[in-house]
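Presented below is the structure to which this report refers.
Note that ligands are numbered from 1 as they come in the structure, with each ligand's atoms numbered from 1 the same way.
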Amino acid sequence: MSRFPLSPLDRVLALADHALRALDGSSQAARPKPVAVRPGPPLDDTERRHAGALMRVDHVGEVCAQALYSAQALATSDPNLRRQFERAASDETDHLAWTAERLDELGTRPSLLNPLWYAGAFAIGLVAGRAGDATSLGFVVETERQVERHLDSHLERLPAGDLASRAIVAQMRDDEAGHALAAENAGAKRLPGPVRWAMRGAARVMTTTAYYL
Ligand SMILES: [Fe+2]
Ligand SMILES: [Fe+2]
């Protein structure tokens with residue numbers, strides 16, 4: 001992060017750069033990609049396609065995480081909270097790079113709709129951020145808990161022999177739980193039921209679509 005105050009133009013350029021990196025696959029992980037303790041059996045075509053589709057869904061989730069944290073960091077005026085969002089976003093960058101690499105290994109591609117997912121998530125992140133820091137943190141808690149459950153379901157659905165994908169998803173699930181806990185400890189306000197249900201509905205649309213597109 002810059003030690004000098006950023007001008008509005010600097011901020012716009014930094015946001016655009018961040019978005020392009022999330023979308024063009026050039027994000028670099030700070031941590032090494034989690035690997036399985038032993039190599040799994042070779043996957044057949046059906047397993048490979050299914051694992052690729054699930055990892056594409058997870059990659060979309062990470063594209064959205066980039067957009068959400070970027071928007072929420074922009075919206076807060078509290079420098080400590082902005083740093084917390086940026087720390088979590090750095091883990092999400094690892095997740096983005098790991099899932100992108102795994103998509104390559106599985107011989108498939110990221111979602112064609114990633115620019116749309118990014119734009120939608122950025123808009124939602126701005127709305128959450130403008131609702132105040134406690135609500136913004138509550139949004140993080142709810143999002144991260146939903147992602148944690150979703151990744152748990154992928155650990156059940158991934159082919160049993162796809163140990164490489166499983167190692168990545170398991171580490172991501174643990175990181176997301178840490179992000180939720182950090183947001184809770186920072187003073188998150190629990191979101192009202194209808195907002196949580198709407199978030200679940202939106203996530204279902206995204207995950208169902210991204211499996212195919
Ligand atoms: Fe993540
Ligand atoms: Fe997270």
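The main-chain N or O of Pro159 is found under 3.5 Å from a side-chain atom of Arg166 such that the two form a donor-acceptor pair. At least one donor-acceptor pair under 3.5 Å links the side chain of Gln72 to the backbone N or O of Ser136. Side-chain atoms of Arg82 come within 3.5 Å of backbone atoms of Thr76 as a donor-acceptor pair (strictly under, hydrogens ignored). The backbone N or O of Thr93 lies less than 3.5 Å from no partner atom in the side chain of Glu62, so there is not a single donor-acceptor pair.
Listed by first and then second residue, the side chain to side chain donor-acceptor pair (under 3.5 Å) pairs involving residues 186-213 are His50-Tyr211 (not counting sequence neighbours).
Each protein N/O/S atom under 2.8 Å from the Fe ion (ligand 1) was counted, for a total of 5.
Ring-plane geometry between Tyr118 and Phe122 is classed as parallel, the angle between the planes falling under 30 degrees on a 0 to 90 degree scale with a further cut at 60.
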